[in-house]
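Residue numbers start from 1 in every chain, and the chains themselves are labelled A, B, ... in the order their sequence lines are given, proteins ahead of strands.
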Amino acid sequence: MSILLDRNTRAIVQGITGRIGSVQTNWMLEYGTRLVAGITPGRGGEIVHGLPVYDDVYEAVEKHGANASVMFVPGVFLRNAVLEAIDAGIKLIVAIPEHVPLHDVLQMKSAAEKKGVWLLGPNTPGIISPGIGKLGIMPGNMFTEGKMGIISRSGTLSYELAGILNEAGLGQSTVIGVGGDPVVGSRMIKILQEFEADPQTEAVIIVGEIGGSSEEEAADFIKEMAKPVIAYIAGRTAPSGRRMGHAGAIISRRGQGTVQGKIKALDMAGALIAKKPSDVAGLLKGCLK
Amino acid sequence: MSILLDRNTRAIVQGITGRIGSVQTNWMLEYGTRLVAGITPGRGGEIVHGLPVYDDVYEAVEKHGANASVMFVPGVFLRNAVLEAIDAGIKLIVAIPEHVPLHDVLQMKSAAEKKGVWLLGPNTPGIISPGIGKLGIMPGNMFTEGKMGIISRSGTLSYELAGILNEAGLGQSTVIGVGGDPVVGSRMIKILQEFEADPQTEAVIIVGEIGGSSEEEAADFIKEMAKPVIAYIAGRTAPSGRRMGHAGAIISRRGQGTVQGKIKALDMAGALIAKKPSDVAGLLKGCLK
Amino acid sequence: MKLLEYQGKKLFAANGIPIPQGKVVTNALEAVEAAEQLGGDIVLKVQVPAEGRGKAGGIKFVDNSFHVHSEAGRLFKMNMEEFSIEKLLVEERLDIVEEIYMGLVVDINTGEIIFLFSPEGGVNIEQIVAGRPEKVYRLPVDPLSLPPVYQLRRFIRRGGFHGKVLEGLTGIAEKLLHLFFAYDLLMAEINPLVILPDNQIVALDAKVEVDDNALSRQKFEKKFWEERDQLEKEARGIGVTYIKLDGSIGVVGSGAGLAMATMDMLEDRGFPPANFLETGGGITEELMYNTLRLVCKNGNVTGVVINIYGGVNPIEKGAKGIVRFIRERGTPPIVVKALGNKQEECWETLREGGITVINSVKTEDAVESLLELIDARKVQAKTSGKGMM
Amino acid sequence: MKLLEYQGKKLFAANGIPIPQGKVVTNALEAVEAAEQLGGDIVLKVQVPAEGRGKAGGIKFVDNSFHVHSEAGRLFKMNMEEFSIEKLLVEERLDIVEEIYMGLVVDINTGEIIFLFSPEGGVNIEQIVAGRPEKVYRLPVDPLSLPPVYQLRRFIRRGGFHGKVLEGLTGIAEKLLHLFFAYDLLMAEINPLVILPDNQIVALDAKVEVDDNALSRQKFEKKFWEERDQLEKEARGIGVTYIKLDGSIGVVGSGAGLAMATMDMLEDRGFPPANFLETGGGITEELMYNTLRLVCKNGNVTGVVINIYGGVNPIEKGAKGIVRFIRERGTPPIVVKALGNKQEECWETLREGGITVINSVKTEDAVESLLELIDARKVQAKTSGKGMM
């Protein structure tokens with residue numbers, strides 16, 4: 001079994017009639033993903049790449065038992081699309097768009113948390129469970145089926161990591177981009193818990209970045225994990241984020257968000273730290289006997 | 001025991017610094033009502049008729065254990081005052097103002113129902129439990145302590161009824177004006193249930209009016225009641241309400257809202273019907289042995 | 001406050017709900033001009049706040065522009081219910097594929113707001129409601145959290161719509177809901193809402209009612225169309241609620257219930273009421289004086305029962321208004337039942353002014369007393385009449 | 001997009017939050033005129049998007065109108081962080097009884113919006129936060145249901161306020177909250193918010209930041225003040241994110257993580273990056289051409305690593321831009337690592353254009369390759385240099 005996206009996933013594509021939505025739908029289908037329908041309000045009744053298009057998510061849920069959705073709607077329309085999917089009972093939402101207004105993200109996140117929905121993104125390449133399917137824009141040929149779980153804040157670095165694992169003969173169970181925005185829908189620690197419980201996954205690679213505190217929070221759970229965790233954190237040489245008035249200082253704990261702080265927290269929690277992505281393969285081989 | 005307003009009631013006056021609020025506070029105090037504080041935002045720290053004035057309801061609840069509130073704020077400010085009282089944990093709200101926008105009433109009613117709060121009014125004279133206290137504008141000298149419960153849609157008719165009962169030697173346990181607006185905060189049937197359970201009350205008088213369906217709904221419970229119910233319905237000669245487009249016809253059940261319909265429903269439920277208010281005394285004497 | 005059709009449509013258009021092209025005119029010549037500007041077939045619609053204008057002949061389809069002048073002229077001479085026709089709406093005529101019903105209304109029994117939608121609208125909506133109620137969909141709306149657009153879309157989909165038409169109807173539903181809340185409406189109804197051959201959707205009618213109690217926070221020009229009678233209009237100016245009736249005894253109550261009970265008793269005694277009048281809680285000397293003047297403008301009034309309570313109302317001040325009215329006019333016979341705070345002061349003022357005061361708690365005593373008084377005056381009038389002859 | 005103080009105050013005033021009287025001026029003479037119009041004591045405040053203007057000497061209290069010209073002149077000659085002073089705000093000086101802190105900010109870790117309030121505000125707010133954190137009150141705000149005014153009043157009452165001042169502060173809190181949501185703000189801070197002797201409350205400063213991603217639905221004039229550098233401004237025009245750094249190797253990544261990883265590796269090899277640059281998902285031939293032009297405008301750049309993936313990005317089109325740039329300029333050395341959809345087409349274009357292509361999955365291979373290329377060119381340059389001597 002993979003996590004989140006598995007053989008029970010019946011996905012829809014919101015924004016299927018758009019240029020990118022249509023192209024990506026084709027690639028997801030070619031990869032073997034079980035897509036059951038597309039949604040575009042006002043385009044109900046059309047057919048795109050053999051999939052029926054409906055005006056709303058409810059109809060796809062009623063007729064096809066859809067339980068996951070990948071979003072290709074423009075950033076400013078994303079909020080309503082996500083809130084509808086949550087209301088319709090969708091349990092995994094992959095929000096691809098970038099440039100989504102922050103207030104919209106906060107609303108989606110709040111709604112998803114209240115209903116226990118997995119919201120990946122916004123600004124994520126998506127999720128891929130090699131051999132099963134992909135909901136997102138990652139090139140499918142960069143991933144191979146296997147036992148490594150990847151959680152990445154960076155889309156492009158997750159591709160790099162997968163490539164390195166492939167060369168080392170280490171395939172992936174599921175690769176998840178949590179999203180590159182300052183605020184994203186799902187917490188890294190929650191995804192780690194899924195990987196820990198997944199029989200297929202033998203080790204987890206975390207690809208982190210400067211900023212935020214998701215890696216520090218994840219460290220709290222890594223302490224308790226049976227499976228090995230390898231972490232790579234990018235951004236040592238990046239300029240630190242600009243301050244948000246006094247308010248930024250008031251709400252943040254000291255030292256949080258720096259690469260050093262993250263590495264320290266992960267190291268102390270027992271994760272192995274990779275200095276560069278290609279080090280991950282060696283570290284993994286060391287700890288998987 | 002009386003109902004809703006009893007010896008445990010610790011009431012506040014919202015809008016105490018207004019002209020009517022101040023005068024009526026004095027009368028309620030003279031009647032012996034246990035008022036613990038007044039509320040006017042922006043006037044915290046003042047004293048009115050010996051009562052401390054606070055800026056918000058929360059403070060009166062924290063400091064005095066207030067659990068009831070009578071409102072003398074202008075109609076367009078009523079909504080926020082009521083929503084605050086509900087949020088602060090007040091359990092009995094007496095909304096005196098008339099000319100309250102209907103949308104505001106709907107919001108208050110919805111909030112009160114969700115939190116199980118008694119909301120009397122808007123457009124009510126209030127509630128009086130003779131001998132204990134009054135939250136409202138009814139003249140105290142028109143009521144005497146006793147065993148009759150009154151539920152009235154009309155403030156002025158409740159005074160008339162009390163006068164008639166007084167002359168017949170029949171005092172009142174509690175007299176409740178539910179409010180004269182088309183939509184009011186509390187359902188007549190719920191108040192009937194309280195009277196039925198109240199050891200002090202021996203019989204209940206319902207003063208109804210043309211329009212709405214609260215009397216018809218009450219009839220459903222009267223069937224099950226052990227205590228006698230006398231009903232007087234005003235408005236046989238009133239012009240029937242104007243129609244609200246087709247929508248009014250679509251949502252209303254046939255014949256609902258007429259005086260005849262109400263009398264028929266009450267009669268069939270076992271209530272005794274008074275043709276005029278003064279008939280109530282005789283009907284009561286007949287059924288109370 | 002009910003808006004006339006053209007006012008409701010103006011509100012619709014300003015909030016993005018499409019309406020037909022049209023113009024309001026006040027005489028037949030203007031109607032001809034408007035019809036020429038619009039070109040093609042047109043419709044003439046009388047602008048009155050009455051129901052069922054179509055069935056009453058107030059809506060005319062004019063195929064030949066040659067007939068606009070005569071048809072408009074005929075409509076301007078009509079009366080509908082009590083209303084004379086002061087304005088016509090001249091509108092383009094549209095090719096209609098489907099007629100739909102959409103409305104928002106408050107269920108006063110439950111305090112719920114209900115969004116109503118039927119894929120079969122038009123003049124026969126009430127038959128549809130009666131015969132095939134399953135064709136009318138109801139969506140209760142919580143006033144504390146409005147339904148988002150996707151729930152509206154799902155709801156309207158139940159009517160069997162898809163694609164562009166569904167999206168158009170959903171957009172209109174969203175706007176109607178916005179209007180309803182933004183403008184404190186009691187009712188907003190579109191019947192019919194029509195689908196054109198190109199899938200455009202247009203509101204052919206508009207029934208909009210604004211909450212009078214919310215006019216202080218709304219920017220509507222305050223025009224009241226509902227009063228069927230000049231006296232009802234005057235009453236609004238005074239600050240009381242007045243409805244004219246067919247009887248002969250004037251009624252003034254400080255509450256609606258008390259006024260209605262008084263009316264019922266008068267009817268039972270064979271003297272039907274001449275009016276319903278409720279002062280509410282704003283009694284002053286001036287208000288009471290004006291109220292009596294208003295009630296007695298009805299020529300049928302042969303006597304007045306005043307039935308008031310002093311809770312917030314200063315009945316002792318109201319008494320002065322009554323005395324002043326009778327001092328100036330002398331007539332008609334008036335009986336006052338006034339109880340509550342400061343009742344003694346009130347009674348003293350009235351008695352000094354020569355007004356009959358009832359200090360019983362029973363309204364029927366006031367009614368009886370007035371009837372006796374009227375009777376006595378008749379006898380007196382007859383007697384003095386005899387004396388003069 | 002951060003607003004300058006005077007822009008933030010304009011927004012405040014338009015939404016009912018009181019601000020001092022004042023005027024924005026662009027030279028010392030205008031400052032004198034403004035001071036005369038205002039009369040009394042005044043304050044001069046430089047308008048730059050830097051923090052800590054007061055401590056850096058950018059805020060001057062002028063008691064004697066005689067000194068306005070010289071003080072303003074001195075301020076206009078200042079530099080604050082990288083910013084030159086183009087505008088001064090000339091404001092009336094107010095008698096202050098109390099200084100308060102009020103702010104709204106997003107906690108990016110939790111996704112919560114936090115309303116912050118401290119009865120002790122002013123320049124020392126950070127010491128207060130550090131030393132007496134119990135004096136700073138935090139109210140989490142659910143973006144799906146804003147707190148009603150009575151909850152704000154209760155919250156602010158914790159600061160020990162009552163009566164008129166409490167009401168004033170509550171009103172400002174309500175308006176700040178409204179602003180925050182209505183204008184898609186990332187931050188809205190008033191420090192200090194001051195109470196005057198007559199209990200009036202005035203915002204003495206305004207720190208407002210608008211979400212760039214929401215500018216399409218907001219009506220702000222799009223002015224970006226944050227870029228500390230001309231190249232950063234140009235980058236925004238091209239549609240990429242660029243931050244200038246101190247090193248010598250240009251970096252272009254199709255994602256922020258990939259760009260940062262590349263920078264980290266360059267640093268580790270002793271060749272610090274000259275910039276951070278992320279293209280995002282909008283690569284075109286033109287964008288890639290302009291991106292390279294931008295990166296190479298930095299005179300320190302001795303080579304460029306391009307590290308891109310084709311997911312939604314058409315890397316085969318980006319390749320054409322790279323080739324065009326090198327064909328025109330010839331320099332500097334560039335290594336491209338490009339993988340993903342249509343990678344073969346991309347490589348072919350690049351190779352035909354004479355560009356070094358890395359088809360390894362490891363970024364360090366691209367870094368090594370570039371460093372070798374730079375080295376080789378140096379040797380070549382030295383050799384050819386020798387030959388010319």
Taking side chain to side chain contact (heavy atoms under 4.5 Å, CB included) as the criterion, tell me which of [options] meets it with [X].
{"X": "A/Met148", "options": "A/Val280, A/Leu165, A/Asn166", "answer": "A/Leu165"}
{"X": "A/Glu215", "options": "A/Ile210, A/Leu266, A/Ile151, A/Ile263", "answer": "A/Leu266"}
{"X": "A/Val94", "options": "A/Thr124, A/Leu119, A/Val13", "answer": "A/Thr124"}

Nearest-0.5 Å distance, [atom1] of residue [X] to [atom2] of residue [Y]:
{"X": "D/Lys337", "Y": "D/Leu258", "atom1": "NZ", "atom2": "CG", "result": "5.0 Å"}
{"X": "D/Ile190", "Y": "D/Leu104", "atom1": "CD1", "atom2": "CG", "result": "9.0 Å"}
{"X": "D/Asn191", "Y": "D/Asn124", "atom1": "CG", "atom2": "CG", "result": "9.5 Å"}
{"X": "D/Glu189", "Y": "D/Glu209", "atom1": "CD", "atom2": "CD", "result": "11.0 Å"}

Sidechain N-carboxylate O distance under 4.0 Å for [X], [Y]:
{"X": "D/Glu368", "Y": "D/Arg269", "answer": "yes"}
{"X": "D/Asp142", "Y": "A/Lys114", "answer": "yes"}
{"X": "A/Glu113", "Y": "A/Lys109", "answer": "yes"}

Please list every donor-acceptor pair under 3.5 Å in which a side-chain atom of residues 22-30 of chain A meets a protein atom from a residue at least two apart or in another chain.
residue : atom : partner : partner atom : Å
A/Ser22 : OG   : A/His49 : NE2          : 3.3
A/Thr25 : OG1  : A/Gly21 : O            : 2.6

Quick check on [X] against chain D: is it the side chain, the backbone, both or neither that has a heavy atom closer than 4.5 Å?
{"X": "A/Ile233", "answer": "backbone"}
{"X": "A/Pro125", "answer": "neither"}
{"X": "A/Gln107", "answer": "both"}
{"X": "A/Arg19", "answer": "neither"}
{"X": "A/Met138", "answer": "neither"}
{"X": "A/Ile20", "answer": "side chain"}

Pairs of heavy atoms under 4.5 Å with chain A: top-ranked of [options]:
{"options": "D/Asp268, D/Ile113, D/Ile308", "value": "D/Asp268"}
{"options": "D/Thr262, D/Leu185, D/Leu266", "value": "D/Leu185"}
{"options": "D/Gly311, D/Pro133, D/Pro143", "value": "D/Pro143"}

Which atoms of [X] come close to chain A, meaning under 4.5 Å heavy atom to heavy atom: side chain ones, backbone ones, both, or neither?
{"X": "D/Asp211", "answer": "side chain"}
{"X": "D/Leu339", "answer": "both"}
{"X": "D/Thr110", "answer": "backbone"}

Chain D-proximal positions within residues 153-162 of chain A [heavy-atom distance under 4.5 Å]: A/Ser154, A/Thr156, A/Leu157, A/Tyr159, A/Glu160
Out of [options], which one racks up the most heavy-atom pairs below 4.5 Å with chain D?
{"options": "A/Asp104, A/Asn141, A/Val105", "result": "A/Asp104"}
{"options": "A/His99, A/Glu98, A/Met142, A/Lys276", "result": "A/His99"}
{"options": "A/Ala234, A/Ser214, A/Pro277, A/Gly75", "result": "A/Ala234"}

Hits for side chain to side chain contact (heavy atoms under 4.5 Å, CB included) against A/Ala81, two or more places apart or cross-chain, chain-then-number order -> A/Gln14, A/Met71, A/Val73
Does anything in residues 178-191 of chain A pair up under side chain to side chain donor-acceptor pair (under 3.5 Å), and if so which pairs, sequence neighbours excluded? A/Asn123-A/Asp181, A/Arg187-A/Glu217
